[in-house]
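Shown next, in structure tokens, is the structure this report addresses.
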Amino acid sequence: MNTLNATLGPLVSPDELELSHTDKQVAHVKIESAARQGILSAQQAADRHRLLNASHQRGELREVLAGLHDAVPPTGLTLALRIAAVGWLAVCVIQFVIWVVLAAFGHLDWPWWLWSDVGLGLAVGVLWWSNESYHRKSRLDPRTAR
């Protein structure tokens, strides 16, 4: 069950993921970048750093990084990921169960359900990648955390 949660958790509830040390470092860089650009005052940046240090989940970053351009995934993107992931998982399970029931009654056919499962899985993958890109942005280059 823990493995299932670790696998499906990022898809079904991306805002409930625990913040990693790297996630916090990326957010600190984004706050510092905003302070250097004059978007945040020194006091606002310090307040946000304190909030960030007390944060435990990715969803809490919305409050910490509020008002900073491209700092967190839009709520609509996260919601679309959740809806698409739950829909995809439901379709996968339902189609597989139907296929197994048909096979039990002697109608074993090639796994026709793979076509829709793979296609919908690709769509979920694109949404996940888009959502995760906000958290990875400055991991590649700290200058991109603007």
Side-chain angles (χ1 to χ4, degrees), residues 1-37 39-40 45 47-146:
M1 189 64 155
N2 238 358
T3 305
L4 190 62
N5 260 352
T7 304
L8 299 179
L11 295 175
V12 177
S13 54
D15 281 348
E16 294 176 16
L17 284 177
E18 189 172 324
L19 280 174
S20 68
H21 178 69
T22 306
D23 289 333
K24 285 189 176 189
Q25 283 181 322
V26 169
H28 281 297
V29 169
K30 290 177 183 181
I31 292 169
E32 284 303 315
S33 177
R36 279 193 308 274
Q37 294 173 6
I39 297 170
L40 296 175
D47 291 343
R48 289 182 187 224
H49 283 299
R50 273 193 298 281
L51 271 174
L52 179 58
N53 289 333
S55 299
H56 300 290
Q57 295 179 331
R58 279 190 174 174
E60 295 170 358
L61 289 179
R62 291 191 191 286
E63 180 183 343
V64 174
L65 301 175
L68 303 183
H69 181 66
D70 283 343
V72 292
T75 306
L77 176 61
T78 304
L79 180 62
L81 172 59
R82 292 182 77 179
I83 291 170
V86 169
W88 172 61
L89 292 169
V91 166
C92 288
V93 169
I94 290 168
Q95 288 183 343
F96 182 75
V97 167
I98 290 172
W99 182 69
V100 168
V101 168
L102 287 173
F105 288 105
H107 298 289
L108 182 62
D109 201 3
W110 63 278
W112 45 265
W113 43 270
L114 284 176
W115 289 109
S116 61
D117 290 355
V118 170
L120 292 172
L122 287 174
V124 169
V126 167
L127 287 171
W128 175 82
W129 185 261
S130 300
N131 190 66
E132 282 295 303
S133 69
Y134 286 87
H135 299 289
R136 269 192 246 107
K137 204 175 268 188
S138 67
R139 289 183 193 175
L140 301 174
D141 182 5
R143 294 170 295 188
T144 62
R146 295 185 175 130

Lys30 (side chain) donor-acceptor with Val72 (main chain) under 3.5 angstrom: no

Sidechain-backbone polar pair: Glu132 side chain, Trp128 backbone, donor-acceptor under 3.5 Å: no

Which atom of Val91 lies closest to which atom of Ser116, heavy atoms considered: CG1-OG, 4.4 Å

Ser33 side chain vs Val29 backbone, donor-acceptor pair below 3.5 Å: no

Test item: Leu40 and Asp47 side chains (from C-beta on) under 4.5 Å apart, heavy atoms: no

Spacing of Leu51 atom CG and Glu63 atom CD [to the nearest 0.5 Å]: 5.5 Å

Exam field: side chain Trp88 to backbone Asp117, donor-acceptor pair closer than 3.5 Å: yes

Side chain to side chain contact (heavy atoms under 4.5 Å, CB included) evaluation trace for Leu77 with Tyr134: CA-CA 11 Å; Leu77 176 61; Tyr134 286 87; 3.9 Å; yes

Distance in Å, Leu19 CG paired with Leu61 CG, rounded so as to fall on 0.5 Å steps: 4.5 Å

Exam field: side chain Ser133 to backbone Ser130, donor-acceptor pair closer than 3.5 Å: yes

Atom of Trp99, atom of Trp112 and distance for their closest heavy-atom approach: CD1-NE1, 3.3 Å

Whether His49 and His28 hold their rings parallel, tilted or perpendicular, with breakpoints at 30° and 60°: parallel

Derivation and outcome, side-chain hydrogen bond (donor to acceptor under 3.5 Å, both in side chains), residues Thr78 and Arg58: CA-CA 11 Å; Thr78 304; Arg58 279 190 174 174; over 6 Å; no

Exceeds 12 heavy-atom contacts within 6.0 angstrom, atom CD of Gln57: yes

Verdict with reasoning, Leu102 to Ile98, per side chain to side chain contact (heavy atoms under 4.5 Å, CB included): CA-CA 6 Å; Leu102 287 173; Ile98 290 172; 4.1 Å; yes

Whether His56 side chain and Ala54 backbone form a donor-acceptor pair below 3.5 Å: yes

Contact check, side chains of Arg62 and Asp15, non-hydrogen atoms, under 4.5 Å: yes

Euclidean distance, Leu52 CG relative to Asp23 CG, rounded to 0.5 Å: 9.5 Å

Pairwise distance CG(Leu65) to CG(Asp70) - rounded to 0.5 angstrom: 11.5 Å

For the student: nearest non-hydrogen atoms of Arg82 and Pro14, plus distance: CG-CD, 3.6 Å

Reported CD-to-CD distance for the pair Gln37 and Glu32, which is rounded to 0.5 angstrom: 11.5 Å

Which atom of Ala80 lies closest to which atom of Leu127, heavy atoms considered: O-CD1, 3.8 Å

Exercise: identify the closest heavy-atom pair between Ser55 and Val64: OG-CG2, 3.6 Å

Heavy-atom neighbours of Trp115 CH2 exceed 12 at 6.0 Å: no

